[in-house]
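Here's the structure, in structure tokens; my notes come after.
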Amino acid sequence: MKRQLVALLDKAIRASVATGFLPEAAPPFIEVELTKEPGHGDYASNVAMVLASQVGKNPREIAGVLAEKIDDAEGVLERVEIAGPGFMNFFIREGVLIRYLEEVIRQGDSYGSSELGKGGQVQVEFVSANPTGPLHIGHARGAVVGDVIANILAAVGYRVFREYYINDAGNQMNNLGKSVFLRYRELLGETEEFTDGCYRGDYIRDLAAELLKRDGERYRHMAPGEVIPLLTAYAGNAILDGIKEDLRAFGVVFDLYFRESELYREDGVGRLLQTLQEKGFVYRREEALWFRTTAFGDEKDRVVIRKNGDPTYFAADIAYHRNKFLRGVETVIDVWGADHHGYIPRMSAAVQALGYDKEALKVILVQLVNLLREGKPVAMSTRSGEFVTLREVVDEVGKDAARYNFLMRRSDSHLDFDLELAKRQSNENPVYYVQYAHARICSIIRMAAERGIGMPACGQADLGLLKLPEEVDLIKTITRFPEVVEGAARTLEPHRLTFYLNDLASIFHSYYNKNKVISDDGALTAARLFLVRSVLAVLKNALKMLGVSAPEKM
RNA sequence: GCGCCCAUGGCUCAGCUGGAUAGAGCGUCAGACUACGAAUCUGAAUGUCGGAGGUUCGAAUCCUCCUGGGCGCGCCA
């Protein structure tokens, strides 16, 4: 509906340009929105005012001319009013909105989707936690945000790849192997000193015990330089398997787990450095190799090859990003913890140095999660091993509640996650509010079927009977869905979907409490069943994008 | 010290590239099931949008400064 109005306005503006009323160079962003006040019609636009400031004419005059020029061939509009400083208020002709419901039902599972992305390739990299320990609650938020962004982009017509980057080649991995080794020796009766970089979680002990059971004492007297790489690989793989499993239980599945070590094996890092060298972006200083990121706005240059000859994490990461683009990805979306924000300028510099558009890399920062239980903070630290794992959260509060809770705020704002609240099946937990609406509608449809009332097909119900303000409100909200998805895709803001869902559920619940869907009036029952079924379709499609189930009974 | 993010009712947050009287949820108070599921609904109260300037017909939204919080500033990842 909104799109139709935008199209009408666009045509009207072009017609005005043709008559010379408006100058050529006026390509405004046409905004049309639902009104809050019935007196302002159904939809309103501020284009006239935007144009006014551009061309220096009276906004009301412009609005008048545009209204005049609107060519409403399909007869959508009842009338257009000019109001206030120059708003154009659109009054939709009765019955027009209602027909939209048939479109919703016709589209079914694909209602809300579009082809805006035109099949463009997008890669979303998220989680990417080092396999040095199980995923914890902090990773969970990033996992959901990345996953749902991917879903949303897919819904608007992009080809989306989900990827997890594994830093399996650095210092931290070495510490992991060392930690397992120390625990292993401990099990054999040795007393060991744990240094700062070591991991002390129980899972390290478990891995050591398993190792001992499997391989016996064979590592006991091997030199650390020999044994640690072996144990690093062993522990890294075991932990990664666990991570994959936990993610699956959380509803997150990746297309590819990309190993940093892969880059070295294929000499991706070497070729990258050569490329940068050829472009003149690297130089040597104090025995290290530096990348001139300041050429693209970073505050200082960054080392890519250390004094000791080892490439830095950054060097590998650039090679990885280059690899993404070489594979044909047009837009790369990285989901990072907000504490990595300082890393953005250098990564952006890297992408630009490689010759890609600055806009080709988008970074989503996800703020940390404050984990609470009954309002009290739960202490967390990976090193010490005191943390609540993703798996524990999923097991305790359930996938649906966990995911939904993580999507209720903008990614870049802090989020309190209260375990008790999240698992409480009450009105304090919004996920059930939405799911309940879905289950309720299913229940109505079941009830109708029991009474021998079938679901009307398109054209079988007299939708003109849907005249109540609440019904119109419900229909308007349904028509908003594709716009919400589109907006969420444009801004990469999944939380818009949860807010929308709450809105829709709320309007539905209210309607339900006031009006009977199934009544003695057969025609009205059919019309309302049709309406309610449309709501159901939207709830279902939206929940699917969030990776939250849509139960038929609760 | 420099840089990035944030500041909206008692609490937690929305506010859709500047729009009409700033909205939800929770909490509080008062109500609604012999009617399709009360995990629901109805009603009430609560705001100098951190502060001060500026741009604009119009600012929670954009600019500057200030205050108060979070994070970052490694040849760590």
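The figures here come from the full heavy-atom set of this structure, side chains too, leaving out hydrogens, waters and symmetry mates. Just so it is clear: chains get the letters A, B, ... in the order the sequence lines come, proteins before strands, and each one is counted from 1.
For A/Glu420 and B/U12, the CD to P distance is 20 Å, given to the nearest whole Å. Rounding to whole angstrom units, CD1 of residue A/Ile166 and P of B/A77 are separated by 17 Å. Here B/G25 presents its P atom at 16 Å from CG of A/Leu421, a figure rounded to the nearest Å. The interatomic distance linking A/Asn429 (CG) with B/C26 (P) rounds to 11 Å, in whole Å. Following rounding to the nearest Å, A/Glu31 (CD) and B/G18 (P) show an atom-to-atom distance of 8 Å. When the C1' atom of B/A20 is taken as reference, atom CE of A/Met49 falls 8 Å away, rounded to whole Å. The nearest whole Å value for the distance from the CZ atom in A/Arg410 to the P atom in B/G25 is 21 Å. The distance from atom CD of A/Glu450 to atom C1' of B/C36 is 10 Å, rounded to the nearest whole Å.
Here A/Leu529 contributes atom CG and A/Ile518 contributes atom CD1; the two are 6.0 Å apart, rounded to the nearest 0.5 Å. Rounding to the nearest 0.5 Å gives a distance of 14.0 Å between CZ of A/Arg533 and CD1 of A/Ile444. Note that CG of A/Leu474 is 8.0 Å distant from CZ of A/Phe508, once rounded to the nearest 0.5 Å. With rounding to the nearest 0.5 Å, the separation of CG in A/Asp317 from CG in A/Asn167 is 7.5 Å.
A donor-acceptor pair under 3.5 Å is absent between the side-chain atoms of A/His321 and the main chain of A/Ile318, judged by distance alone. Between the A/Asp400 side chain and the A/Ser549 main chain, a donor and an acceptor come within less than 3.5 Å of each other.
Residue contacts shown for A/Asn370 are absent, as no nucleic acid heavy atom lies under 4.0 Å away. Residue contacts for A/Asp520: at a heavy-atom cut-off of 4.0 Å it reaches no nucleic acid atom on any strand shown. Residue contacts shown for A/Glu33 include a base, since a base heavy atom lies under 4.0 Å away. Counting non-hydrogen atoms under 4.0 angstrom, A/Ala448 reaches nothing in the nucleic acid. A/Ser413 comes within 4.0 angstrom of sugar-phosphate atoms only, judged by non-hydrogen atoms across all strands, and of no base.
Applying the 6.0 Å contact sphere to NZ of A/Lys358 captures no more than 12 heavy atoms from other residues, nucleotides or ligands. Enclosure of atom NZ in A/Lys540 is not indicated, since only 12 or fewer non-hydrogen atoms of other residues, nucleotides or ligands lie within 6.0 angstrom.
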Dump every N/O contact between nucleotides 71-76 of chain B and the protein below 3.5 Å, one line per pair.
| residue | atom | partner | partner atom | Å |
| --- | --- | --- | --- | --- |
| B/C71 | O2 | A/His341 | NE2 | 2.8 |
| B/G74 | OP2 | A/Lys300 | NZ | 3.2 |
| B/C75 | O3' | A/Arg306 | NH1 | 3.3 |
| B/C75 | O2 | A/Lys307 | N | 2.8 |
| B/C75 | N4 | A/Glu286 | O | 3.2 |
| B/C76 | OP2 | A/Arg306 | NH1 | 2.8 |
| B/C76 | O5' | A/Arg306 | NH1 | 2.8 |

If you restrict it to nitrogen or oxygen atoms, what contacts under 3.5 Å exist between nucleotides 21-24 of chain B and the protein, and what is each distance?
| residue | atom | partner | partner atom | Å |
| --- | --- | --- | --- | --- |
| B/U21 | N3 | A/Glu37 | OE2 | 3.3 |
| B/U21 | O4 | A/Glu37 | OE1 | 3.4 |
| B/U21 | O4 | A/Glu37 | OE2 | 3.1 |

If you restrict it to nitrogen or oxygen atoms, what contacts under 3.5 Å exist between nucleotides 38-44 of chain B and the protein, and what is each distance?
| residue | atom | partner | partner atom | Å |
| --- | --- | --- | --- | --- |
| B/A38 | OP2 | A/Arg440 | NH2 | 2.5 |
| B/A39 | OP1 | A/Tyr436 | OH | 3.4 |
| B/A39 | N1 | A/Gln425 | OE1 | 3.1 |
| B/U40 | O2' | A/Arg440 | NH1 | 2.9 |
| B/U40 | O2' | A/Asn513 | ND2 | 2.7 |
| B/C41 | OP1 | A/Tyr433 | OH | 2.3 |
| B/C41 | O4' | A/Asn513 | ND2 | 2.9 |
| B/U42 | OP1 | A/Ser510 | OG | 2.9 |

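For the pair A/Ser348 and A/Gln352, the minimum side-chain heavy-atom distance is below 4.5 Å. In this structure, A/Tyr433 and A/Ser506 have side chains that are in contact, with non-hydrogen atoms separated by less than 4.5 Å.
For the P atom pair drawn from B/G27 and B/A39, the interatomic distance equals 15 Å after rounding to whole Å. Across the C1' atoms, B/G68 and B/G51 are found 11 Å apart, a figure rounded to whole Å. Taking the P atoms as reference points, B/U40 lies 48 Å from B/C57, given to the whole Å. Spacing between B/C66 and B/C4 at atom P, rounded to whole Å, works out to 13 Å. When the C1' atom is used for both B/G3 and B/G47, the distance is 33 Å, rounded to whole Å. Between B/C26 and B/U48, the distance separating the two P atoms is 23 Å to the nearest Å. For the C1' atoms, the distance from B/A7 to B/A52 is 16 Å, rounded to whole Å. Taking the C1' atoms as reference points, B/A20 lies 14 Å from B/A59, given to the whole Å.
Take the nearest nucleotide of RNA chain B for A/Ile518 and for A/Pro59: the residue whose nucleotide is more 5' is A/Ile518. Take the nearest nucleotide of RNA chain B for A/His414 and for A/Ala439: the residue whose nucleotide is more 5' is A/His414.
Taking every side-chain heavy atom of A/Asp416 into account, B/U12 is the closest of B/U12, B/G19, B/A77.
If you look at A/Phe296 and A/Phe281, their ring centroids are closer than 6.0 Å.
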### Task
Quick one: the dot-bracket string of RNA chain B, using Watson-Crick and G-U wobble pairs with both distances under 3.5 Å, [ ] for crossing pairs and | for bases paired to another strand.
(((((.(..((((.....[...)))).(((((.......))))).....(((((..]....)))))).)))))....

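A salt bridge is absent between A/Glu486 and A/Lys2; no separation between the charged side-chain nitrogens and carboxylate oxygens falls under 4.0 Å. Salt bridge absent: A/Asp301 and A/Arg285 never bring a charged side-chain N and a carboxylate O closer than 4.0 Å. With respect to the salt-bridge test (charged N to carboxylate O, under 4.0 angstrom), the residues A/Arg3 and A/Glu483 do not qualify. Using a 4.0 Å cut-off between a side-chain N of Lys or Arg and a carboxylate O of Asp or Glu, A/Lys324 and A/Glu125 qualify as a salt bridge.
Listed in residue order, the members of residues 476-491 of chain A having a heavy atom less than 4.0 Å from RNA chain B are A/Arg490.
A/Tyr320 pairs with exactly one of A/Tyr264, A/Phe258, A/Phe314 by the ring pair (Phe, Tyr, Trp, His ring centres under 6.0 Å) rule, that one being A/Phe258.
Relative to the six-membered ring of A/Phe406, A/Arg141 misses at least one condition, a distance below 6.0 Å or an angle of at most 45° to the axis.
For B/C13, the glycosidic angle deviates from 0 by more than 90°, giving an anti base.
Shown here are the side-chain hydrogen bond (donor to acceptor under 3.5 Å, both in side chains) partners of A/Asp298, two or more places apart in sequence or in another chain: A/Thr293, A/Arg302.
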